[in-house]
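Quick note: numbers below take in every heavy atom, side chains included, and nothing from hydrogens, waters or symmetry partners. Residue numbers start from 1 in every chain, and the chains themselves are labelled A, B, ... in the order their sequence lines are given, proteins ahead of strands.
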Amino acid sequence: MNVRGEIIEVREPREVSTQYGERSLAELVIRPDPNGSSPPSGAANSDRSTAAVTPEPTTVTLWGKWTHTAEHAQAGMELLLTDAEENEYQGNVGYTTSKNSYVVLEPGFLVNVTDVRSWVQCPRMYYLNKLSGIPLNYPVAKGTIVHEVFGDLLRGRDLEESIDERVAEAGLELGLLGREAEEVRDEVRRNAAAIEGWLSQGTLTEEDDWRSEYTLISPTFGIKGRADALRRGAPVELKTGKNTKRDPRFQDKIQAACYALMLEERGVPADTGTLLYTKNTALDRNEATGDLSPAKEFSVGSGLLDFVVRQRNEIAAMEFDSSVPTGYEADAKCEYCFEKDTCMVVAGRLGQESKAGAIGQAVPEEEREYFDRFYRALEEERRETHTEYRKLWEQTAAERADADRALVNLDPQGRRQIEGGRWELRAKKPGDAVSKLREGDVALASDGDPVEGHAELCRIRKLGGTAGDEVVVTVDEPLSLRRLDVYPSEISVDRMLTALHDAVLKGSEERKDVLFGRRAPAFSGETRTYIDNNAAQNEAVNLATRAEDCALIHGPPGTGKTYTIARTIRALVDRGDRVLLSAFTNRAVDNALEALREQGYGDSAEQSSAGNRTQSDYVVRFGTENGVREDMQDLRLVKEGEPNDRAAELNGASVVAATTSSCGSRPMREQSFDVALVDEASQLTEPNTLAAVNLADRFVLVGDHQQLPPVVRAENDLTESLFERLIEAYPDASVMLDRQYRMSQRIQAFASAEFYDGALRPATGEVAGQHLSGLGVDVDDLPPEIRDPVAFVDPDGSRAGNTNPREADRVAELVRAYVDAGVDPDDIGVIAPFRAQVAEITRRVDVTVDTVDRFQGSSKEVVLVSFVATDNMDGPIFEDTRRVNVALTRAKKALVLVGDASALESDPFYGRMLDWARR
DNA sequence: TCTCTGCGGAGAGGA
């Protein structure tokens, strides 16, 4: 049986005499989790009836080599013991390890296979890889291409066709690395020859069954990864580096053993692993000690699997309290390590202990403190992401579907092989099924069980379609498409971590002086008139152009933020600056680009045809095909093609527009700018902002900290934006746009008073006095309760979960009243705090209905807000009043608050809002 | 069960 629970005490390991002689053991005391203990396989949920009783602490005895794991265990960690034996010692009943047991620390912490690999090489290397990311370099780029070609060959694709396409796909990266396509194709061809030779060597018989790219997630061992290939059920890893030894490298074996471990968990054990070294040149192959085959097979014994688990436990234990490895944990030799310099520099700069030693001047105390604080915050965020993975197996299909995390009960509609040997799978989804999944997302496609069944990472090509129930995905290997799950990603955390690293360890001293409060931002140069009808906007452009370090533009709702951004960019480019335009969302990036184009800059007509851009005065949109809006696709940098052309296109652009997340990608990390201008800065975590800021000498942040803050999973330092921190530290480096072009006087009054000290005012009398009559509506045609431009309606509903059906009915009635009075449905928007209520209202009306969070950045002539709450305003969603600011400031001419009067009155803030609405 | 956008998912290798 399996035993699982929280560790409450760890006792010293000791030697004891047994009938087999001297043996070591370690005892742990755990509080068993009644749901976690289960028979070794299958029926995990069979004994849930015992859940009601809180179990007594139990002693777990770890024998032999598992005492190693006990040495890393701490109270508070979760422990999983598989194949446990019940035992009784001196009257106490407990559990011990058996011959087949594994001991797993923090099984919910999901370690990547490559992380286990690098940890085995050296724990410091694991840390350094995580911290600084792997930069753009040729061996890695080439390795990636060879892997892709390998997969293509296994799927039966023509070699030359595969090489041509895969090299072309890597065009941008290769170009940035200064490589010619033909040279790369030749090299890939040489590597592929080794693969092909082996494939056709007779090693393979008719019974050989192959599959490529196998995704595995292990709930038991807390490991996830993707094997290059399986041959007769055993893992095959391709390595394009040099290995002139007879045996595979140890860390390569560890990698294959990780996959073998996960296969064993699925009941299909593999007792061998194969490493395929394609090597570089014929010369290298001759050096191979008599062994001409690129393939090296090795046996995967239980000792190796145990070792892998123990190594993985070391990582989980290290991450449990976010501590930093020193290198002494392993016996790697620093003198031969090619990361030695980096290792020593990081150690020296951050004041860390390192086996390799430390060089360089430590960064000031406050920077180290900052680094540590954000490092912990980001690791905490990573752990929250891991709980999302865990739900893949802890929740039932129905629970996943209810949480909008999966589409279940899909009806497979067939498959076909597409270009490149890959597959297109089709299915129908139950008509009313909704989820967070969107077209273009990477998701986990499965036959119904994403963890124990057959699952593949896929790309969603179509969701909905004209019939509304169509699902189309593409995958490397075919399966019966019955379920689609959100696949959580750590990319965001990884990129924030590298941005933090770059900011503290690579950032210029001048910028760090400002970031760490040692010096106020400086300004210089002449003041000019850029915008003649709005003093604050003009001041904002001047602040940005005169900034020597940074400028902060505070843009409340409707104040012409986007216009000001476009004008600023133009001013900067006109004087010769190279500018990075960034924002949190693709939508904001494209909006800013649109404004730039409206001002006559960067229009595609002006840009010469792609590949022939010689003048450096054009705009490039850097982003994914799905992320970039249709009308900006012509500016989008296509990464595929002739390396030199692709690189020249990016390098030559005087304005590059990309999300902050993209700024953390490898090609973008190679770019440099004079100025980074970041929109939606108040919605960005500090490390996210740094990803853009790191790429430029100076930066301009645009945002409104009175609107929504960053969305993060963990409660920590990430919730305050850099924008907010700096605007509080340096009010003199900021300007607030104080004239709004959106709301009538009556509508803006509450927000202005509550959030902007009354400083937000209508830009013109026309804006202030706008009214529904401007839409050709006779107010007398409306029901009396909504004739005032700001109205309150209490439908006397009651909250049920995150919905309020009666309130939804009332909202629908009011929407119809507006439409009947002549308001165009396109001019009406409905806002609700919860997605469930959004769905409830959407069923009743045919106008835009969305959450507050998704409405940020847009506006409507008429807005209705459904508050849902009854009884009181408790709950996190209502506590952050900035959300209300956003909701109330979306309306131009009419605003209706729909909610429960007594609940709203129970809170001072909402009470004031009610007084204003009822005035 | 609060809100949620990004991102090639992970891994690609160097002596």
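The salt bridge (Lys or Arg N to Asp or Glu O under 4.0 Å) analysis of residues 250-259 of chain A, with sequence neighbours excluded, yields the pairs A:R117-A:D252, A:R249-A:D252. Applying the salt bridge (Lys or Arg N to Asp or Glu O under 4.0 Å) test to every pair with at least one member in residues 437-446 of chain A, sequence neighbours left out, gives these pairs: A:R438-A:D441.
In this structure, A:F834 atom CZ and B:dC4 atom C1' are separated by 15 Å, rounded to whole Å. Residue A:I460 contributes atom CD1, which lies 16 Å from atom P of B:dG8 at whole-angstrom precision. Distance CZ (A:R459) to C1' (B:dA10): 13 Å, rounded to an integer number of Å. Atom pair A:D679:CG and B:dT5:P shows a separation of 16 Å (rounding to whole Å applied). Summarising the geometry, the separation between CZ on A:R666 and P on B:dA12 is reported as 12 Å, rounded to the nearest angstrom. Here the P atom of nucleotide B:dT3 and the CZ atom of A:R405 are 9 Å apart, to the nearest Å.
Using a 4.0 Å heavy-atom criterion, one finds that A:F150 contacts no nucleic acid atom at all. If you check every strand for non-hydrogen atoms under 4.0 Å, A:D494 touches nothing. Among the protein residues, A:E339 comes within range of the nucleic acid bases, having at least one heavy atom under 4.0 Å from a base atom. A:R495 comes within 4.0 angstrom of the backbone, heavy atoms only, and of no base. Residue-level contact check: A:Y259 touches the backbone only, with heavy atoms under 4.0 Å from sugar-phosphate atoms and none from bases. Contact annotation for A:I145: no contact, since no heavy-atom pair falls under 4.0 Å across all strands. Backbone-only contact: A:Q255 has heavy atoms under 4.0 Å from sugar-phosphate atoms and none from a base. Using a 4.0 Å heavy-atom cutoff across all strands shown, A:T624 reaches sugar-phosphate atoms only and no base atom. Contacts of A:V146 with the nucleic acid, taken as non-hydrogen atoms under 4.0 Å apart, are absent. Backbone-only engagement by A:Y487 is indicated by non-hydrogen atom pairs under 4.0 Å involving sugar-phosphate atoms exclusively. Within the nucleic acid shown, A:T114 comes within 4.0 Å of sugar-phosphate atoms alone, with no base atom in reach, counting heavy atoms only. At the heavy-atom level, A:E625 lies nowhere under 4.0 Å from the strands shown.
Residues meeting the side chain to side chain donor-acceptor pair (under 3.5 Å) test with A:Q707, sequence neighbours left out: A:D704, A:R890. With sequence neighbours left out, the side chain to side chain donor-acceptor pair (under 3.5 Å) criterion links A:E237 to A:Q255. For the ring-ring contact (aromatic ring centres under 6.0 Å, His included) test, no residue two or more places apart in sequence or in another chain qualifies with A:Y138. Applying the side chain to side chain donor-acceptor pair (under 3.5 Å) criterion to A:T689, with sequence neighbours excluded, gives no partner residue. For A:K130, the side chain to side chain donor-acceptor pair (under 3.5 Å) partners two or more places apart in sequence, or in a different chain, are A:E319, A:Y375, A:E379.
At B:dC7, none of the side-chain N or O atoms of A:S665 fall inside 4.0 Å of OP1 or OP2 (strictly under the cut-off). For B:dC7, one of the phosphate oxygens OP1 or OP2 lies less than 4.0 angstrom from a side-chain nitrogen or oxygen of A:S662. Phosphate contact (OP1/OP2 of B:dG13, side-chain N/O of A:Y277, threshold under 4.0 Å): absent.
For the contact set between residues 875-885 of chain A and DNA chain B, defined by any heavy atom under 4.0 Å, the members are A:P876, A:I877, A:R883.
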- Task: Could you check A:Y389 against A:Y487 for ring pair (Phe, Tyr, Trp, His ring centres under 6.0 Å), going step by step and ending with a plain yes or no?
- Result: CA-CA 7 Å; A:Y389 279 102; A:Y487 189 76; 5.3 Å; yes
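Looking only at distances, a side-chain donor or acceptor of A:E807 sits under 3.5 Å from a matching main-chain atom of A:V868. In terms of modelled atom types and a separation under 3.5 Å, the side chain of A:E680 and the main chain of A:T585 share a donor-acceptor contact. Looking only at distances, a side-chain donor or acceptor of A:R312 sits under 3.5 Å from a matching main-chain atom of A:G222.
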- Base-pair string, DNA chain B, Watson-Crick plus G-U, cut-off 3.5 Å on both distances, | for inter-strand, is ...............
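Distance noted for atom C1' between B:dA12 and B:dG8: 12 Å (whole Å). Here the separation of B:dG6 from B:dC2, taken at their P atoms, is 22 Å to the nearest Å.
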